[in-house]
*Asks:* 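Handing you a structure now.
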Amino acid sequence: MTILRNIRRLYVCPMRGAQADLFPIDDAAIAYEEGRLTYVGPESALPQPRGLESVLDARRALVFPGFVECHTHLGFAGSRADEFGMRLQGASYLEIAERGGGIQRTVRATRAASDDELRSAAAHSLRAMRKQGITTVECKSGYGLSVEHEIRLLRLYQELEVTESTRIVKTFLGAHVPPPEFRGRNADYIEVIKKEMLPTIAREGLASFCDIFVEKGAFSPDDARDLLATARVYGLKGKLHIDQITDQGGGALARELGVTSADHLEHLSQAGMAALADSEVVAVALPLAGFFLRQPALAARAMIRAGIPVAVSTDFNPGSAPSHCMGLALLLSCVVQGMTAQEALKGATILAARALAVDHDRGSLEVGKYADFFLVDAPSEEAFVYEFGLHPARDVHIGGQRVSD
Ligand code: NIG
Ligand code: FE
């Protein structure tokens, strides 16, 4: 058993309570054994240890559950920094895509990259994320867009599950955009996904989720109905990229399809908000994408008031969110989207875990869950979020093992 003591304030972040309720414990300690928490509470009530291995001193730090990064497009090659320049000159994201840039360009670069290149770039990102206290990462495919290349990306994630300490959740996003070979033939491409990709993915356990980008120039709500119904037969739960650039009726569609999460939602309508509030769907705020694409702000404040759980994630990808900085996502979810620091922190821990259907074993510091946590030397949780970049995470642990240098 290992004990971590002398914690000034520990944030439990359980599912219960409002989104702002982190249930802090002052002068706390935790104990863990075989990677799981066996005690979380005040140090004064710590039971007498049996078979004590070691006692660690938190030196009055704050302790948070490891961040759960619930939406990334981790596997890709190439850079689209020049498109940033084009957008600054007035071109829109959709216009750049129509001219052969955008997602299709990353698809070309990703297909051309070697396995080693993709692997080392993804591993590098995971390492950089771990340093920030991110202990679980959702990884979407979606820059392969052919049977060969989508499966290759998912197999790469399966490999990283073994070689990296980060916990990985794999999502199949073969329906990111129709590939050039299928331009104007969405239904034919969806058939390929259904007949040639999903069976292999299910057989090899390559993904827990099936995601689809519902947008002009991508896929329609009917494509989503068709694809996610089949994915469910193969045991994959649903996710939606929706209402990012235009209103696609995302709230009602998410409720109808019973997806685990609906992500982006900057153009969610009032009716859509009511539909989400009347569902089990987690909304995922991706404030970096909104910021980089200058989208209107997600109405996070109103959503939380309506009782919708709002997770927070970076959306790390080369085109709309070229950073995996969780601190920046937290800050923007507050300043731009109207969350409080506490709400943002719950959004990046237990609610993000719920957006991945893994909240039973992570996302909060509760007995029986994984000992995934990190320490911060900040005066308060608000200072941690507000004073961006001033309070780096230290002593990041996954399953009780220290993974940060
Ligand atoms: O989450 N919305 C679609 N997909 C990504 C962007 C991908 C890209 O531009 O390469 C997103 O924003
Ligand atoms: Fe995304």
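Computed from heavy atoms alone, side chains included, the values below leave out hydrogens, waters and symmetry copies. Atoms within each ligand, like the ligands themselves, are counted from 1 in listed order. Note that the structure is predicted; figures quoted are calculated from it, not measured.
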*Asks:* Cation-pi between K170 and Y157: NZ/CZ under 6.0 Å from ring centre and within 45° of the ring axis?
*Replies:* no

*Asks:* Heavy-atom contact check, 4.0 Å cutoff: does T106 meet ligand 1?
*Replies:*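 Contact absent.
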
*Asks:* Under 6.0 Å between the ring centres of H124 and H324?
*Replies:*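 When the ring centroids of H124 and H324 are compared, they turn out to be at least 6.0 Å apart.
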
*Asks:* Considering F292, F316, F76, F213 one by one, which has a heavy atom nearer to atom 3 (C) of ligand 1 than any of the others?
*Replies:* F213

*Asks:* If you count the atoms of ligand 1 from 1 in the order shown, which ones are under 4.0 Å from a heavy atom of Q244?
*Replies:*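 Here the atoms of ligand 1 in question are 2 (N), 3 (C), 12 (O).
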
*Asks:* Starting from the Fe ion (ligand 2), count all protein N, O or S atoms within a radius below 2.8 Å.
*Replies:* 4

*Asks:* Taking the ring of F316 and the ring of F76, is the distance between their centroids below 6.0 Å?
*Replies:*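 Yes; F316 has its ring centre under 6.0 Å from that of F76.
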
*Asks:* May I ask you to list the atoms of ligand 1 that are less than 4.0 angstrom from any heavy atom of S320?
*Replies:* 6 (C), 9 (O), 11 (C), 12 (O)

*Asks:* For Y143 and ligand 1, answer yes if some heavy atom of the residue is under 4.0 Å from a ligand atom, otherwise no.
*Replies:* yes

*Asks:* So for ligand 1, is R80 a polar contact partner (N or O within less than 3.5 Å, distance only)?
*Replies:*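 R80 vs ligand 1: N/O contact under 3.5 Å present.
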
*Asks:* Is there a donor-acceptor contact under 3.5 Å linking the side chains of H391 and D377?
*Replies:*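 Side-chain D/A pair, H391 to D377: absent.
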
*Asks:* Does at least one non-hydrogen atom of H264 fall below 4.0 angstrom from an atom of ligand 1?
*Replies:*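 True for this residue.
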
*Asks:* Output a table of donor-acceptor pairs, distance under 3.5 Å, between side-chain atoms of residues 31-40 and any protein atom two or more places apart or on a different chain; print 'none' if there are none.
*Replies:*
from	atom 1	to	atom 2	distance (Å)
R36	NH1	G368	O	3.1
T38	OG1	A31	O	3.2
Y39	OH	P42	O	2.6

